[in-house]
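This is a predicted model, so every value here is computed, not measured. Throughout, protein chains are lettered first and strands after them, A, B, ... in sequence-line order, and every chain is numbered starting at 1.
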There are 2 protein chains.
Amino acid sequence: MENKHLSKNQLRRLPGYLHLLKSLSASGMKYISCQTIASCLDLNKEQVRKDVALISSIDGIPNKGRDINLLIKDIETILGYDDTNNAFIVGVGSLGTAFLHYKGFENFGLKIVCAFDKNPAIINSKISDKPIYDIANLNSEMINKLNVKIGIITVPADSAQEVADLMVKAGVEAIWNFAPVNIVLPKDIIISNMDLATSLSVLSHQLYLKKHKKGEE
Amino acid sequence: MENKHLSKNQLRRLPGYLHLLKSLSASGMKYISCQTIASCLDLNKEQVRKDVALISSIDGIPNKGRDINLLIKDIETILGYDDTNNAFIVGVGSLGTAFLHYKGFENFGLKIVCAFDKNPAIINSKISDKPIYDIANLNSEMINKLNVKIGIITVPADSAQEVADLMVKAGVEAIWNFAPVNIVLPKDIIISNMDLATSLSVLSHQLYLKKHKKGEE
DNA sequence: TTTTATTCGGTAATTAAATACCGAGTTTGG
DNA sequence: CCAAACTCGGTATTTAATTACCGAATAAAA
């Protein structure tokens, strides 16, 4: 219905709103104003108003705000959390294993159904009830059978592109990449990079500044 | 020497440059132009030029570019990768365990030296040669002895703030937070949030758009 | 040596994001 | 029922980020 364009920054703020709203709703609150959201999350109120206006299906009520649960539903719809997407992991190393154990993804509408790896020692075993298949079997037939649209890459950097190509060939629609490389893909494939190095760089740089401001060794 | 201000966005691009430069350097290239970096990473060349100008200690040579290895060193310096920071983990769940196994952090100047948890079953055991201590022992004495300035939070959302407070009280300078909550901290403490939900939201939303554009169920 | 193709640095123009403002309407409390 | 206090939506302003432009300078090729 609404074809409004959300910028990446706006999109990134939504999970924060969602989290707050859920905890407020859980504590019994029924209505919320944009201003309240802003002060809770220490954001600019105009910014929150603008964000909320874009994603909300209803108008706010003056001097009252919006129905929290309706707003939660709107955000979840926009983020696609309301219907479940099946996903699979390629690369059952330490990170991949952690993901197979991690239950939290289902809150975001992501259900990890299986994994692929090339290590014969673990192929056909299970982790947290999710089967590990031979990477050689990752093809379109397989992903149709499993009904998965999302591939998660948790292999080392040097094989990430190769895995991505394999995924595309098998017909995935979206890739969530945890390897610290720039993956080149056809334009119609959705990709989101989760780069630890990038996140760490912000921290690391500020620490550097702090050190050098103080003049410490 | 240079007190130029780097924006968060610029900072986020640096790890990408660094990775590219390293692989080009490894393949024997000696000089690189900003334009080449831009085309490799599919970025705007003016943007790369501006970024590089801010962080480079030397001027570029017309029709030649810059010494790759010098540029690598400059980026590593700015990001603080060139001297090692010791860090510790709080929360030895699946993600925490993965991090204790993961070797890649050392490339970014981050050395995880130990972990804390409250689970008696694992306290005093070791993972990947790194000891796991009782969270009750996380205090200023301890972190001085270990010489750690960075704390990594991998506990569930509902105890993240509590752990963060404990870290601050113990005297850490920076916190890398993997729990999906907004942590409130004194202003002089550096924090970087690594929120899986935020990263996933971008992917999830695009998938939602794709579905609804096609008019599929 | 001269020409040509690049690259640089600095500045200007464009675009996008964040912030501020304001009139209108609604709930709440007297 | 009326006044005061909020909140809204829309618009305007400010700020920051991105992109484009241009003259000068160098390396490489002719």
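- In terms of polar N and O atoms assigned as donor or acceptor, the side chain of N63(A) comes within less than 3.5 Å of the base of dT27(C) in a complementary pairing.
- Atom-to-atom, CD1 of I37(B) to P of dT6(C) comes out at 18 Å; the value is rounded to the nearest Å.
- What separates CG of L54(B) from P of dA17(D) is a distance of 11 Å, to the nearest Å.
- Positionally, the nearest nucleotide of DNA chain C for P62(B) lies more toward the 5' end than for the other of I61(A) and P62(B).
- Rounded to an integer number of Å, the gap from I58(B) CD1 to dC8(C) P is 11 Å.
- Rounded to whole Å, atom P of dT26(C) lies 11 Å from atom CG of D59(A).
- With 3.5 Å as the limit, one finds no donor-acceptor pair spanning the side chains of D51(A) and Q47(A).
- The separation between K64(B) atom NZ and dG9(C) atom P is 15 Å, rounded to whole Å.
- Minimum interatomic distance between Y81(B) and P15(B) (heavy atoms only, all atoms of both residues): OH-CG, 4.4 Å.
- Note: Y102(B) and F105(B) have perpendicular aromatic rings, judged against thresholds of 30 and 60 degrees for the angle between ring planes.
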Between the protein and nucleotides 17-23 of chain C, which nitrogen or oxygen pairs are less than 3.5 angstrom apart?
residue : atom : partner : partner atom : Å
dA18(C) : OP1  : N9(A)   : ND2          : 3.4
dA18(C) : OP1  : R13(A)  : NH1          : 3.4
dA18(C) : OP2  : R13(A)  : NH2          : 3.3
dA18(C) : O5'  : Q47(A)  : NE2          : 3.2
dT19(C) : O5'  : N44(A)  : ND2          : 3.4
dA20(C) : OP2  : N44(A)  : ND2          : 3.4
dC21(C) : N4   : E46(A)  : OE1          : 2.9

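- Using a 3.5 Å distance cut-off with no hydrogens or angles, the side chains of R12(B) and S201(A) do not pair a donor with an acceptor.
- Atoms CG (L71(A)) and P (dT7(D)) sit 15 Å apart, rounded to a whole Å.
- Note: CD1 (I55(B)) to P (dC8(C)) measures 12 Å, nearest angstrom.
- Each of K50(B), R49(B), E46(B) was evaluated against C34(B); a single residue qualifies, R49(B), per the side chain to side chain contact (heavy atoms under 4.5 Å, CB included) test.
- For the side chain to side chain contact (heavy atoms under 4.5 Å, CB included) with V172(B), the lone residue among I143(B), L166(B), L138(B), I150(B) that qualifies is I143(B).
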